[in-house]
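Notes follow the structure.
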There are 2 protein chains.
Amino acid sequence: MATVKDVARLAGVSPITASRALNNPALVHPDTISKVKAAAKQLGYQPSRVAQGLRTGQTWIVMLSVKQKDTYDPLLFEFATGVSEACRENGYSLLIYPTDGIAELESFIGKVDGVILTDIKDHDARAERLSAELTIGAFGQTQYDVPQIDVDNMLGGQLGTRHLLMLGYRDIAFITSSSDLLFLQHREQGYVHCMKEAGLKPTIVYNSFDMHGGYAAMTSLERTPEAVFCASDSMAVGVLRYLHERNLRIPVVGYDGGYLTEITDPPLTSVKQPFFTVGKRLAEAMFECMSSGNIVRELVEPELVVKDSTWPRIE
Amino acid sequence: MATVKDVARLAGVSPITASRALNNPALVHPDTISKVKAAAKQLGYQPSRVAQGLRTGQTWIVMLSVKQKDTYDPLLFEFATGVSEACRENGYSLLIYPTDGIAELESFIGKVDGVILTDIKDHDARAERLSAELTIGAFGQTQYDVPQIDVDNMLGGQLGTRHLLMLGYRDIAFITSSSDLLFLQHREQGYVHCMKEAGLKPTIVYNSFDMHGGYAAMTSLERTPEAVFCASDSMAVGVLRYLHERNLRIPVVGYDGGYLTEITDPPLTSVKQPFFTVGKRLAEAMFECMSSGNIVRELVEPELVVKDSTWPRIE
DNA sequence: TTGAAAGCGCTAACAT
DNA sequence: ATGTTAGCGCTTTCAA
């Protein structure tokens, strides 16, 4: 492993000049910079994060805090992979830490440079308490002034609804959960917006946010609608099962676009959440905040992925 | 943030004595140890991994190398979570790195303390080349002398088969993929072993290792068996679909025990792979190798989880 | 524009 | 059993 000293010796300068040439080129003569860079390249020099960390106080570690119960959520893994990729590109390593507790999170002050929080609330105690001590990044939306990235759920609600409208359906039910969670409210608002825009009356059914809820929601409808849009793929699985059992065949659109869309019968048209992108952008936003103090708030656009559970209406 | 110096001053000893009291108590007088420990506790002293790393060469980082294509595999996430938990308990942070390339892996020599390899082969070039330079841990079985943990797939094959035998079925087909992958061969061997033990003739059908393969395998059978055991849950999904379409009702057992078993209709009886435990034990085995050089080879036992896709035979 | 000295926090090697 | 010295690799003073 080559060190700055080795690079400096080969370039014929002092270690500090070599260091500056690589980190703070403005202070160094152009000729010197090229000499140093050539030497560094020749030796395959990679600065030691550890030594840098000791000097600068940076740990080069960021933590991804996930709720205990989400540990097995495959969609979260996609998000984590995006975070991981951004970390790698920026030289950070990633500590995945399953916890909800603020006290536990606080014990990491000084041991990590940043914390990524999932399941963020508008008024989030973790964001409030931690943001003073270290840089945080939030998946979702919160009132606190921290870097935050979310999926544009309003748009997602519109994408699913518009798809069914464009296929010629007018009696479209929206199946979701009653909840104070912003992301569900936004999806619903997107649906309502499109329906009203088309001069149609929204039909919204609330039930539990899983397969069984989707099934139950269908049974609670007075009559079968022309088409159904679900606030999650797992609810859509329940809807499909309901339809199967009754030999009904109407279009169904899900929301998430994950592994479930592949294994349903038929494969499920769904609003795909770009979790990988969200994870990556969020980590990048956090790094940006660390270096420049700049606070990014951003919405990432979901995308409708059409499979076989939707088709044009036949008159 | 308190340092050793602070602790040492409070305890009335030199920094090195404080350090030894905490890391190498054998060399220090018991009374001194208690003084130092009390001081450390009072100050909330946490040693700086960064500074330790600089001195000792340890980075306190381990890498989890996953194949690109596996990045979104929820089962792998369960494994990763286990690894992550062991890392945390031992003070390591975890770098998740999607790659198959040896060259890329080699670039991490000196930057991480250990690498966990998934998708290990019996003759694995990565294990061979890397084990000289850093500690590795392998998920699976390999001939090289590295810490390795695997699921006992032979036992898994037996668990699924025995379950169906005990329920009274004798004409049990095994649906799997033809492959040089050890884990598939072991599951098959477990099945064959139990069938022979019961004096029955094995019926094995090979097809692709996914939902479609499961479906296709069923069509290729001359007649419908009394029961089916699949080498994966996704194959079982295909089998269930085949049965649904033909209004057939025979018991089906899957293999993996993950998220799929919840969303099939009926919920799928399956051999559950303890991926979390494997991940955790593997990381621990790797840490043990780092500290003592001891090389652990271990099999973790899978467990049959009975749901509604199997029932006793009615005469 | 460049360099010399110093020190981040910790611990091995060498005293005592 | 304890302390002294020194240095891991890097970068922030301060000086030239």
Side-chain angles (χ1 to χ4, degrees), chain A residues 1-40 43-61 91-93 108-113 290-291, chain B residues 1-40 43-61 91-93 108-113 290-291:
Chain A
M1 285 284 117
T3 71
V4 249
K5 280 189 187 170
D6 301 322
V7 174
R9 197 178 316 126
L10 184 60
V13 296
S14 76
I16 179 58
T17 303
S19 169
R20 276 200 281 250
L22 297 168
N23 301 316
N24 217 340
L27 303 176
V28 181
H29 192 90
D31 295 354
T32 316
I33 295 179
S34 31
K35 270 194 297 183
V36 171
K37 288 206 166 157
L43 295 172
Y45 169 71
Q46 298 267 93
S48 157
R49 295 290 189 197
V50 173
Q52 281 183 329
L54 185 55
R55 193 65 255 247
T56 62
Q58 264 187 288
T59 61
W60 295 103
I61 297 172
Y92 284 82
S93 62
F108 281 86
I109 292 170
K111 316 201 77 179
V112 302
D113 294 338
M290 286 171 181
S291 56
Chain B
M1 285 281 118
T3 72
V4 248
K5 280 188 186 170
D6 302 322
V7 174
R9 197 177 318 128
L10 185 60
V13 296
S14 76
I16 179 62
T17 302
S19 170
R20 276 199 281 251
L22 296 167
N23 301 315
N24 217 341
L27 304 175
V28 181
H29 191 92
D31 294 352
T32 315
I33 294 179
S34 31
K35 269 192 300 181
V36 170
K37 288 205 165 159
L43 296 172
Y45 170 71
Q46 297 269 90
S48 156
R49 294 289 190 198
V50 172
Q52 282 182 332
L54 186 57
R55 187 67 251 240
T56 61
Q58 262 187 289
T59 62
W60 295 102
I61 298 172
Y92 283 83
S93 63
F108 281 87
I109 293 170
K111 316 203 74 178
V112 301
D113 294 339
M290 286 172 182
S291 57

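A, B, ... follow the sequence lines: proteins, then strands. Residue 1 opens every chain.
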Exercise. Any idea which heavy atoms bring A:P47 and A:Q52 closest together, and the distance?
Worked result: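 Looks like CB-NE2, 3.8 Å.
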Problem set entry | Residue pair A:V4 / A:A18: nearest heavy atoms and the distance that separates them |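 What the structure gives for the nearest pair is O-CB, 4.3 Å.
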Let me know the distance between [atom1] of [X] and [atom2] of [N], rounded to the nearest Å.
X: B:Q46; N: C:dC10; atom1: CD; atom2: C1'; result: 15 Å
X: B:Q52; N: C:dC8; atom1: CD; atom2: P; result: 17 Å
X: B:R49; N: C:dG9; atom1: CZ; atom2: P; result: 17 Å
X: B:I16; N: C:dG9; atom1: CD1; atom2: C1'; result: 12 Å
X: A:I33; N: C:dT2; atom1: CD1; atom2: P; result: 8 Å
X: A:D6; N: D:dC8; atom1: CG; atom2: P; result: 11 Å
X: A:Q58; N: C:dG9; atom1: CD; atom2: P; result: 15 Å
X: A:L54; N: C:dG7; atom1: CG; atom2: C1'; result: 9 Å

Reckon [X] has a side-chain N or O less than 4.0 Å from the OP1 or OP2 of [N]?
X: A:T56; N: D:dT11; value: no
X: B:S14; N: D:dG3; value: yes
X: B:S48; N: C:dC8; value: no
X: B:T32; N: D:dT2; value: yes

Could you check which of [options] has an atom nearest any side-chain atom of [X]?
X: A:R55; options: C:dT1, D:dC8, C:dA6; answer: C:dA6
X: B:Y45; options: D:dG9, C:dC10, D:dT2; answer: C:dC10
X: B:H29; options: D:dT2, D:dG9, D:dC8; answer: D:dT2

Backbone N/O of [Y] and side chain of [X]: donor-acceptor pair under 3.5 Å:
X: B:D113; Y: B:T59; value: yes
X: B:N23; Y: B:S19; value: yes
X: B:T17; Y: B:V13; value: no

Exercise. Taking C-beta and beyond as the side chain, do A:D6 and A:T3 meet within less than 4.5 Å on heavy atoms?
Worked result: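 Side chain of A:D6 against side chain of A:T3, heavy atoms only: contact under 4.5 Å found.
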For this session: Could you tell me whether the side chain of B:K37 reaches within less than 4.5 Å of the side chain of B:Y45, counting heavy atoms only?
Result: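 In short, these two side chains do not touch, never coming nearer than 4.5 Å.
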For this session: Using a heavy-atom cut-off of under 4.0 Å over every strand shown, decide if B:V50 touches base, sugar-phosphate, or nothing.
Result: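 The answer is nothing, as B:V50 stays clear of every strand by at least 4.0 Å.
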For this session: By nearest nucleotide on DNA chain D, pick out whichever of B:P30 and A:A2 is the more 5' one.
Result: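 Nearer the 5' end of the strand: B:P30.
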For this session: Could you list by number each residue of residues 19-27 of chain A showing a heavy-atom separation from DNA chain C of less than 4.0 Å, or answer none if no residue does?
Result: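 Under 4.0 Å from DNA chain C: A:R20, A:L27.
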